[in-house]
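Nothing here was measured: the structure is a model prediction, and the numbers come from that model. In each ligand, atom 1 is the first atom listed, and ligand 1 is the first ligand listed.
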Amino acid sequence: MPTARERTALWGRTVFRVLGQNRVSQTGIVVTTATGISMVFLWIIETLRGGHEHPYSGIVLFLVLPAVFVAGLVLIPAGFFLQRRADRKAGRENEPPPPIDLTSPKFRRVFTFVVIATLANATLVGFASYKGLEVMDSVGFCGEACHTVMAPELAAYKGSPHSRIGCVECHIGAGASWFVQSKLSGTRQVVAVALKTYSMPIPSPVRHLRPARETCEQCHWPQRFTGDRVIVKKKYAEDEKNTVLTTVLVMHVGGMNAQGSVGIHGRHLDAGSRISYTALDERRQQIATVSYRDDAGKTVDYASTELKPTADALAKGEVRSMDCVDCHNRPTHAFELPHRGLDREITAGAISRDLPFVKKQALELLKGTYESQDAAAKAIGDGLTAYYAKQYPEIAASKKAEIEKAVQAVQAVYRRNVFPDMKLVWGYHPNNIGHEDFPGCFRCHGGNHESKDGKPISADCEACHQVLAMEEENPEILTQLGLK
Ligand code: HEC
Ligand code: HEC
Ligand code: HEC
Ligand code: HEC
Ligand code: HEC
């Protein structure tokens with residue numbers, strides 16, 4: 001009886017003789033064994049360390065190594081068959097393949113090896129593909145692996161109400177067909193990144209975004225009655241005192257209630273879409289015609305009295321049914337304009353209103369043109385410190401810490417909104433909610449879209465919101481509402 005060790009050696013020799021008598025298969029065996037062992041080893045380390053921290057580590061562990069492993073596997077039989085063919089052509093004698101017969105010990109050895117190896121490989125590859133998909137769906141892969149390219153979207157996302165949900169929830173959603181589509185276009189994007197053929201900045205709107213019904217509505221739905229919502233907006237004047245100006249709106253968000261579909265959500269979205277429009281430009285900012293299905297089911301067509309496209313231009317326009325993204329086009333990549341970014345930091349207390357003219361000075365610095373984010377940060381730091389040192393030496397001395405804190409906050413506003421590497425400048429992506437910074441709602445509600453019988457799309461301030469206070473220094477309403 002041969003010992004276990006002898007049996008294993010014999011086993012290994014037979015397998016190697018049958019499968020590995022050529023360079024190609026030998027390379028395959030070496031590559032597969034080496035990557036197989038290192039994969040298992042690295043996975044164990046990773047598990048012990050509690051998950052990968054760097055986006056690339058996941059990519060290497062679960063995408064690159066498994067790919068090399070599979071490539072090695074493919075080489076083994078490929079070499080075997082290539083060698084056979086070459087031998088046959090050259091009329092060379094070779095170790096004959098074992099007869100397919102389970103009673104032959106040689107065949108049994110090769111057979112057992114192949115079965116065990118296949119099971120082990122299937123487990124490895126299965127686990128790797130599962131983890132690989134997880135990696136591809138992670139925020140790290142989407143947002144960080146392509147550093148420069150996705151940096152703006154990632155930065156804006158981090159400060160948004162959606163920063164706890166994955167990129168894929170909105171960009172891919174559930175179901176196999178979008179999954180496959182996204183992987184296909186993802187591959188194109190990876191190629192574009194590698195060849196640097198992507199557009200800078202990445203343009204919006206996203207042409208082939210999955211319909212909001214299938215993504216946003218997994219978590220929010222328009223019929224839900226959301227009623228009215230009080231919105232308090234604080235701005236700061238560019239004066240010495242950085243005077244606070246407060247606007248209080250009661251937004252008629254609406255939804256579905258006993259009266260039917262009401263308010264902003266109800267009027268545009270019902271059980272299905274009720275509005276479609278034709279936009280003349282890529283950015284969907286110039287809306288030439290709007291078609292509306294009213295509560296009685298009648299369709300009313302409106303046309304812009306301002307844009308008067310030729311029939312040809314109209315035919316070339318993009319026809320779209322309105323969904324969430326036509327208003328909430330920045331639900332998570334909410335880039336700010338410089339004054340809005342500063343207002344936010346002042347409200348949050350990161351920039352002290354006790355620093356005279358801080359809003360005005362910071363705004364000027366933010367609007368400068370810089371080569372990189374670092375250059376901007378330096379200019380902002382130097383500029384603000386120099387301003388107080390020169391104009392308000394006492395404050396520069398007594399409020400040193402506040403100035404330092406303000407510098408950091410202003411730099412942060414720049415860093416989350418302007419990306420010279422990607423040519424992303426202030427206000428590149430319009431925000432369609434509102435009407436002050438961008439046309440937004442007024443693309444249709446600006447009073448210049450009329451139906452055939454001369455009725456305009458409503459432009460009444462009160463239809464959308466009650467304005468309880470407008471840029472007031474000390475609105476009484478806040479005290480009345482108990483919001484002060
Ligand atoms: C709450 C849903 C949501 C999440 C989460 C989300 N996105 Fe988006 N994203 C959108 C929408 C909606 C648009 C389309 C905007 C448009 O068409 O104007 C978009 C557009 C983009 C664009 C095109 C450029 C632009 O700014 O419009 C990129 C790039 C992008 N997203 C990357 C990401 C990355 C990376 C993540 C994860 C870090 C992510 N997105 C997470 C909803 C989301
Ligand atoms: C996976 C679930 C999920 C998906 C998908 C999702 N959201 Fe959200 N959304 C949330 C959560 C959670 C919040 C935060 C609620 C909070 O902070 O109170 C939120 C908040 C919001 C808000 C409110 C922000 C505010 O000012 O209060 C808007 C608007 C919004 N989402 C729009 C969208 C749109 C548009 C989409 C699709 C492009 C979308 N969401 C997709 C979960 C989701
Ligand atoms: C006609 C434009 C429009 C459309 C279409 C639209 N919304 Fe809104 N939505 C608004 C406005 C305006 C607000 C008020 C919030 C604000 O002004 O910031 C709002 C508020 C919200 C909020 C916050 C609600 C709250 O009470 O705090 C969520 C969540 C939201 N929308 C999700 C969606 C989703 C999901 C869809 C698509 C099913 C959608 N919206 C379609 C304009 C729209
Ligand atoms: C079609 C709907 C609609 C109409 C009509 C409308 N608004 Fe608004 N308004 C909005 C929305 C949406 C916002 C954005 C609220 C937000 O930023 O969350 C807004 C914001 C505002 C703000 C705050 C601006 C800011 O961001 O600081 C003021 C002030 C305002 N509206 C005044 C008016 C006045 C005055 C009228 C009438 C001439 C009017 N609006 C008409 C929808 C409308
Ligand atoms: C693509 C065109 C379009 C855009 C963009 C649009 N709306 Fe509308 N909206 C309509 C149409 C059409 C109607 C129905 C006709 C009407 O009520 O005058 C309507 C109706 C409304 C109504 C009901 C008015 C009433 O008198 O009952 C509200 C409120 C409203 N929209 C708010 C908004 C807000 C807020 C935004 C921006 C966030 C917005 N809309 C953006 C087309 C649009």
Describe, in one word, how the ring planes of His429 and Phe335 are oriented to each other, choosing from parallel (under 30°), tilted (30 to 60°) and perpendicular (over 60°).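 Taking Phe335 first and then His429, their aromatic rings lie parallel (interplane angle under 30°).
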Rounded at 0.5 Å granularity, tell me how far CD1 in Ile44 sits from CE in Met39.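 Reported value, rounded in 0.5 Å steps: 12.0 Å.
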Side-chain donor/acceptor of Glu473 to backbone N/O of Leu245, under 3.5 Å: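 No, Glu473 side chain to Leu245 backbone: no donor-acceptor pair under 3.5 Å.
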Regarding [X] and [Y], does a basic nitrogen lie under 4.0 Å from an acidic carboxylate oxygen?
{"X": "Asp295", "Y": "Arg274", "value": "yes"}
{"X": "Arg416", "Y": "Glu336", "value": "yes"}
{"X": "Lys235", "Y": "Glu436", "value": "yes"}
{"X": "Asp374", "Y": "Lys378", "value": "no"}
{"X": "Asp323", "Y": "Arg213", "value": "no"}

Which atoms of ligand 4 are found less than 4.0 Å from any heavy atom of [X]?
{"X": "Cys441", "value": "1 (C), 12 (C)"}
{"X": "Met470", "value": "29 (C)"}
{"X": "Lys235", "value": "27 (O)"}
{"X": "Ile231", "value": "18 (O)"}

Taking the ring centre of each residue, are Tyr302 and His449 less than 6.0 Å apart?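 No; His449 has its ring centre 6.0 Å or more from that of Tyr302.
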Centroid-centroid under 6.0 Å between Tyr370 and Tyr414 rings: yes
Tell me: protein heavy atom nearest [atom], and distance?
{"atom": "atom 11 (C) of ligand 5", "answer": "Ile275 CD1, 3.6 Å"}
{"atom": "atom 28 (C) of ligand 5", "answer": "His268 CE1, 4.1 Å"}
{"atom": "atom 22 (C) of ligand 5", "answer": "Arg267 CG, 3.6 Å"}
{"atom": "atom 16 (C) of ligand 5", "answer": "Ser458 N, 4.0 Å"}
{"atom": "atom 15 (C) of ligand 4", "answer": "Met251 CE, 3.4 Å"}

Looking at ligand 1, would Ala156 count as a contact under a 4.0 Å heavy-atom criterion?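 The answer is no, since Ala156 has no heavy atom less than 4.0 Å from ligand 1.
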Considering only N, O or S atoms of His171, the one closest to atom 8 (Fe) of ligand 1: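 Minimum-distance N/O/S atom of His171 relative to atom 8 (Fe) of ligand 1 is NE2.
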If I take every N, O or S atom of Cys464, is at least one of them less than 2.8 Å from atom 8 (Fe) of ligand 5?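 Coordinating: no.
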Confirm or rule out an N/O/S atom of His445, from backbone or side chain, lying less than 2.8 Å from atom 8 (Fe) of ligand 5.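 Under 2.8 Å: His445 contacts atom 8 (Fe) of ligand 5 through an N, O or S atom.
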Nearest heavy atom to atom 27 (O) of ligand 1: which of Met150, Glu153, Arg330, His333 does it belong to?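 Selected option, by shortest heavy-atom distance: Arg330.
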Heavy atom under 4.0 Å from ligand 4: found in Leu249's side chain, backbone, both, or neither?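 The side chain, only.
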Taking both backbone and side chain into account, is any N, O or S atom of Cys170 nearer than 2.8 Å to atom 8 (Fe) of ligand 1? no
